[in-house]
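Note sheet for the following structure.
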Amino acid sequence: MEKKEYKATLNLPKTSFPMKASLNTREPLLLENWAKEDLYGKMVSLRKGREKFVLHDGPPYANGDIHMGHALNKTLKDIVVKYKTMRGFQSPYVPGWDCHGLPVEHQLFRELGIGKHQIDRRVFREKARDYALRYVSVQREQFKRLGIFADWGNPYLTLDPAYQAKIVECFGKLYLDGYIYRGLRPIHWCATCETALAEAEVEYDEHRSPSIYVAFSVVSGLDKAFPGLGEAELLIWTTTPWTLPANRAVAVRPEFEYSAVRVGARILIIAKELLDRVMADIGVKEFGIVGSCRGKALEKLRVRHPLVERESPIVFSEHVTLDQGTGCVHIAPGHGDEDYQVGRRYGLDVFAPVNEKGEFTKEAGIFAGLKVEDANGKIIEHLRSRGTLLASREVVHSYPHCWRCKNPIIFRATTQWFLGVDRKGLRERALAIIKSVQWIPERGQNRIGSMIENRPDWCLSRQRLWGVPLPILYCEACGEAIVTEGTLQLIRSAVAERGADVWFIEPAEAFIPHGFACPSCGGKEFRKEEDIIDVWFDSGISHQAVLAARAELGYPCALYLEGSDQHRGWFQTSLLTSIALRGDAPFSAVLTHGFIMDGEGKKMSKSAGNVIAPQGIIDRYGADILRLWVASVDYSVDVRISEEILDHLVDAYRRIRNTLRFLLGNLYDFSPERDSVPCDRMEEIDRWILSRTERLLAVVTNAYERYDFCEVYHQIYNFCAVDLSSLYLDILKDRLYTRAAASPERRSAQTAMKRILDILVKICAPILAFTAEDAWREIPGRPENQVSIHLSDWPIRDDHCVSEALEGEWEKLLEVRSEVSKALEVARQGGAIGNSLGARVTISCAEGDLLLLLEEKEEMLADLFIVSQVTVQAVPKAREGEQLSVTVLNAEGKKCGRCWRYSTSVGGNGDHPTICSRCVEVVD
RNA sequence: GGGCCUGUAGCUCAGUUGGUUAGAGCGCGCCCCUGAUAAGGGCGAGGUGGGUAGUUCGAUUCUACCCAGGCCCA
């Protein structure tokens with residue numbers, strides 16, 4: 001027989017699982033196939049009656065294409081859902097979208113090229129609805145392309161009439177339960193957009209403001225603090241002179257020390273620690289301290305308003321600091337949140353003589369009609385003329401701006417509707433319930449806890465167009481707010497039937513029960529509230545509109561999974577409403593992830609030009625590469641992505657894919673029922689790798705349970721690269737290819753490979769959703785009725801082949817193998833050998849346990865080292881550290897033309913003069 | 001400015017309850033193979049552990065400050 005013909009007698013790998021993935025063309029075909037099979041539907045129905053694990057989707061905003069943040073978030077969710085499904089849970093996943101709110105309004109106004117007052121509300125709302133629905137469908141297709149399994153045909157949308165009705169219902173219930181109140185309160189207000197802004201709608205940016213020092217002369221009580229001083233002035237510092245007309249107090253800190261300082265003809269009271277800085281700032285070089293006291297002693301003082309004829313009290317506030325200013329802080333409860341809080345404590349008047357356009361009202365006296373920004377100059381002049389101005393300059397500092405129009409905004413007291421966080425002990429209950437929720441990572445508990453502890457009441461009203469109306473009516477006669485079971489019932493059913501637009505179509509009477517009269521004055525005429533509800537309320541009650549409303553889900557659910565910014569957003573709004581409405585948290589656990597950064601750890605932005613979009617990654621590499629990236633990073637902190645990182649993932653993917661391919665390729669003639677070899681009759685190395693594989697399964701399963709996907713990734717990857725590719729499979733080639741196809745040795749290897757493949761493909765499946773599916777379909781002996789790996793069960797651990805002792809021995813053998821490799825490399829570099837099969841290795845080992853082990857395993861060492869011959873030699877006990885030495889010589893005999901190993905038996909058979917005796921047996 | 005968080009080889013991650021020469025895989029360099037072949041294998045070189053100061057016999061691991069970056073808030 002010729003050399004070439006011997007090749008035909010080998011069992012070389014065969015598989016239709018291609019080396020080249022071509023994910024960008026292959027994945028869409030799988031998606032089509034999954035859709036045709038209704039895989040999501042099957043996934044849910046397969047687990048009917050099983051224990052539930054519901055991950056509740058936080059609704060992304062229906063605006064624009066999805067970005068990496070969306071991709072990360074949805075992929076993490078999908079990994080969880082796929083894993084839990086394989087574990088046997090019923091894990092339905094209903095996706096949602098947040099459809100109302102300012103972003104849609106902004107985009108739409110931009111597209112239409114008009115402003116808030118230039119369009120009919122009903123016409124605008126129709127357009128807004130179309131706009132949101134357009135992006136729902138854009139994003140839905142983009143999410144599907146990522147391989148996310150979800151109830152795409154039946155998502156939840158906050159603009160659905162049923163959802164809107166639930167918003168009305170929840171608001172109504174909270175109202176009737178006493179959580180909602182109407183109050184005058186300063187809020188962020190954009191005078192340009194003429195609207196209140198939510199906290200999330202405020203951006204901080206540099207702004208140039210006046211920086212002035214103003215004296216408030218003490219009119220009474222001075223003797224108590226500074227006996228005998230006669231007269232003095234409290235010095236304050238502010239960057240918003242326009243808030244001075246609304247001044248209602250001056251705040252100090254009781255524990256600070258205050259000095260009375262003579263400056264020229266006047267005596268100023270300033271916090272002692274800030275004295276030098278203030279004097280330098282107002283340009284005073286000479287001054288003398290004439291008295292000193294604690295802030296506490298200032299409490300009974302009254303001071304004269306610097307602009308108008310009135311008096312202000314001194315109050316205490318923790319927010320007075322020594323960072324800047326004078327230690328005396330001007331308080332305008334109508335124009336600042338902290339001021340408001342202080343004012344509430346002291347019963348101060350919430351005064352804000354500024355209208356919605358940012359102009360002073362007639363209550364502001366001589367400043368009436370001026371825009372507040374423009375009034376600063378006039379106010380400063382006025383102070384100067386009254387002799388109360390000590391210094392005036394300008395300062396550039398961080399200042400709130402409107403996220404839409406980018407103009408500086410103001411704090412302005414307006415009538416708003418609030419959810420009282422301290423009503424009925426809500427805050428305290430929330431703080432307690434937080435402790436019973438599992439936060440992943442744990443620091444999330446601390447984070448949301450301190451936020452809830454400090455958060456102000458929730459302003460629920462918005463002066464906008466696109467949202468659900470506040471279901472409140474007012475008596476025309478007396479202004480009484482009307483919210484009753486009766487009105488709510490009418491509103492709720494009208495909204496459920498016709499959508500929230502009905503509020504703006506029908507007259508107020510449509511929502512008034514027959515014969516109803518104002519309980520306060522008996523009035524019969526009513527008008528509707530014009531404001532809408534904050535969109536955070538929309539998504540915040542999804543636990544009622546979705547979890548509680550859909551039988552397949554259920555309230556509460558197992559997990560919320562969002563970016564860490566949602567500690568202030570959705571987690572909190574969901575928690576507060578859920579506790580108020582149902583008395584408990586809507587989730588058992590909350591998992592958060594970080595944000596996407598570029599390769600340098602900087603945030604992505606158009607202007608920096610470092611944006612990487614998911615669509616680009618999918619087009620170039622495929623969704624599985626993106627999914628693998630998601631799994632590879634530690635999402636508990638910010639994650640990075642760059643071309644370099646993606647390149648590495650492509651390499652890693654290829655390694656995993658080729659490992660699967662090699663396993664598949666060597667199982668083409670293996671029938672599990674017919675050919676499996678029981679564990680006790682397997683080759684030792686096969687038992688060893690099975691032991692390792694079971695260990696991998698245990699470690700990976702545990703990592704999935706902890707949502708530690710990057711551990712999963714590293715374990716799988718290292719197993720493929722190290723245990724399999726460079727070791728086990730490399731050694732196995734000889735046996736697989738050259739032994740008789742049905743020999744026990746080869747079947748033993750295949751039995752192991754089949755088990756490895758089953759496990760590997762399944763533990764990859766939640767991550768490599770597409771690749772695992774393709775590989776799985778190629779596995780021999782798979783039950784025909786299972787249409788998808790995603791409908792299969794998680795592997796059950798088989799302890800039969802697990803052996804600590806065996807793994808322990810092998811750890812030592814592998815150390816020897818590493819020594820042999822080094823020696824082989826030296827021989828190779830010296831040109832003595834090429835392929836390691838050209839070598840004969842002699843191991844000299846000192847007497848001891850290792851020697852005994854090597855002698856025991858001597859027969860298999862040549863296979864283990866992939867050389868032709870191995871001899872183990874005992875040497876006398878050597879010095880420490882020189883237990884082992886390896887000698888490499890050319891192999892004995894001739895190279896077998898079939899198995900390529902060197903053997904003295906080559907030439908021994910007349911019929912087959914070019915092959916070794918072992919191969920002769922196989923060929924004959 | 002405040003709260004929370006991050007900073008270990010080019011990359012992704014380990015680890016150290018303070019203790020001998022800080023690990024893995026990839027990438028990189030050199031080499032081998034050509035029966036996983038747009039694959040496979042071997043060897044090797046890479047880290048002042050963000051910086052400074054302190055506590056300690058000893059710090060990457062503890063403390064303070066600083067720098068860089070992130071989320072949230074002001």
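As the structure is a computational prediction, the values presented were derived from the model and not from experiment. Below, read A as the first sequence line, B as the second, and so on, with proteins coming before strands; counting in each chain starts at 1.
The gap from the P atom of G35(B) to that of G27(B) amounts to 23 Å, rounded to the nearest Å. Taking the C1' atom of each, U56(B) and A64(B) are spaced 16 Å apart, rounded to whole Å. For the C1' atoms, the distance linking U63(B) with A9(B) amounts to 28 Å, nearest Å. When the P atom is used for both C33(B) and G42(B), the distance is 15 Å, rounded to whole Å. U37(B) and A45(B) are spaced 28 Å apart, taking the C1' atom of each and rounding to whole Å. Look at the P atom in both U48(B) and A22(B): the space between them is 12 Å, to the nearest Å. Rounded to a whole angstrom, the distance from the C1' atom of G2(B) to that of G23(B) is 39 Å. C66(B) and G18(B): their P atoms are spaced 26 Å apart (whole Å).
Rounded to whole Å, the distance from OH on Y635(A) to C1' on C5(B) is 16 Å. Computed from coordinates, the N835(A) CG to G35(B) P distance equals 11 Å when rounded to whole Å. Taking atom CG on N11(A) and atom P on A36(B), their separation rounds to 13 Å, with Å as the unit. Rounded to a whole Å, the CG atom of L12(A) is 17 Å from the P atom of G40(B). Note: CD1 (I440(A)) to P (C5(B)) measures 17 Å, nearest angstrom.
In the model, S564(A) has no side-chain atom that pairs as donor or acceptor with a side-chain atom of H593(A) under 3.5 Å. N702(A) and E711(A) form no side-chain donor-acceptor contact under 3.5 Å, judged by distance and modelled atom types alone. With no hydrogens or angles considered, no side-chain donor-acceptor pair links N666(A) and Y737(A) at under 3.5 Å.
In this structure, the ring of H335(A) has its center less than 6.0 angstrom from the ring center of W242(A).
The listed nucleotides are G10(B), G35(B), U12(B); the one nearest the side chain of W900(A) is G35(B). Among the nucleotides U12(B), G3(B), C11(B), the one closest to any side-chain atom of V633(A) is U12(B).
Of the residues in residues 326-338 of chain A, none lies under 4.0 Å from RNA chain B by heavy-atom distance.
Checking side-chain atoms of R898(A) against main-chain N and O of T9(A) turns up a donor-acceptor pair under 3.5 Å. Looking at S642(A), its side chain never comes within 3.5 Å of a backbone N or O of G599(A) through a donor-acceptor pair.
Using a 4.0 Å heavy-atom criterion, one finds that V826(A) contacts no nucleic acid atom at all. Nucleic acid contact for R898(A): base, since at least one base atom lies under 4.0 Å from a heavy atom of the residue. S725(A) comes within contact range of at least one nucleobase, with a heavy-atom separation under 4.0 Å. Counting non-hydrogen atoms under 4.0 angstrom, G665(A) reaches nothing in the nucleic acid. Contacts of N658(A) with the nucleic acid, taken as non-hydrogen atoms under 4.0 Å apart, include base atoms.
Between I866(A) and D730(A) there is a side-chain heavy-atom pair separated by less than 4.5 Å.
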Close N or O pairs between protein and nucleotides 42-44 of chain B (under 3.5 Å):
from, atom 1, to, atom 2, distance (Å)
G42(B), O2', E825(A), OE1, 3.0
G42(B), N2, E825(A), OE2, 3.1
G42(B), N3, E825(A), OE1, 3.4

Please write out each protein N/O paired with an N/O of nucleotides 67-71 of chain B under 3.5 Å, distance rounded to 0.1 Å.
from, atom 1, to, atom 2, distance (Å)
G69(B), O2', G601(A), O, 2.6
G70(B), O4', D638(A), OD2, 3.4
G70(B), O2', D638(A), OD1, 3.2
G70(B), O2', D638(A), OD2, 2.3
C71(B), OP1, K603(A), NZ, 3.4
C71(B), OP2, K603(A), NZ, 3.4
C71(B), O2', R447(A), NH2, 3.0
C71(B), O2, R447(A), NH2, 2.9

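Between F709(A) and Y707(A), the two ring planes are perpendicular [angle over 60°; tilted spans 30° to 60°]. Taking the six-membered ring where the residue is Trp, F411(A) and H188(A) present tilted rings, their angle falling between 30° and 60°. Between H567(A) and W439(A), the ring planes are tilted. Angles from 30° to 60° get that label.
Where G599(A) and T659(A) each meet RNA chain B at their nearest nucleotide, the meeting point lying more 5' is that of G599(A). Residues M19(A) and D708(A) each lie close to RNA chain B; by heavy-atom proximity, the contact nearer the 5' end of the strand is made by D708(A).
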Chi angles and distances behind the side-chain contact (heavy atoms from CB on, under 4.5 Å) call for F571(A), R568(A): CA-CA 7 Å; F571(A) 301 147; R568(A) 181 163 296 274; over 6 Å; no
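Heavy atoms of other residues, nucleotides or ligands lying less than 6.0 angstrom from NZ of K14(A) number 12 at most. By the 6.0 Å contact criterion, CD on E394(A) is enclosed, its count of non-hydrogen atoms from other residues, nucleotides or ligands being greater than 12.
In this structure, R655(A) reaches the G41(B) phosphate: one of its side-chain N or O atoms is under 4.0 Å from OP1 or OP2. Taking side-chain N and O atoms only, R661(A) has a distance below 4.0 Å to OP1 or OP2 of U37(B).
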Going by atom type alone, with no hydrogens or angles, which donor-acceptor pairs under 3.5 Å involve a side-chain atom of residues 443-453 of chain A and a protein atom two or more places apart or on another chain?
from, atom 1, to, atom 2, distance (Å)
R443(A), NH2, S636(A), O, 2.9
S450(A), OG, N446(A), O, 3.4
S450(A), OG, R447(A), O, 3.2

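In this structure, Y737(A) does not count as stacked on the base of G35(B) under the 5.5 Å centre distance and 30° plane angle limits.
At a threshold of 4.0 Å, the pair R620(A)-E643(A) counts as salt-bridged, since one of the basic side-chain nitrogens sits closer than that to a carboxylate oxygen.
Considering only residues two or more places apart in sequence or on other chains, D638(A) meets the salt bridge (charged side-chain N to carboxylate O under 4.0 Å, His left out) condition with none of them.
With pairs defined as Watson-Crick or G-U wobble and both atom distances under 3.5 Å, the stems of at least three pairs that touch RNA chain B come out as B:1-7 with B:67-73, B:10-13 with B:23-26, B:28-32 with B:40-44, B:50-54 with B:62-66.
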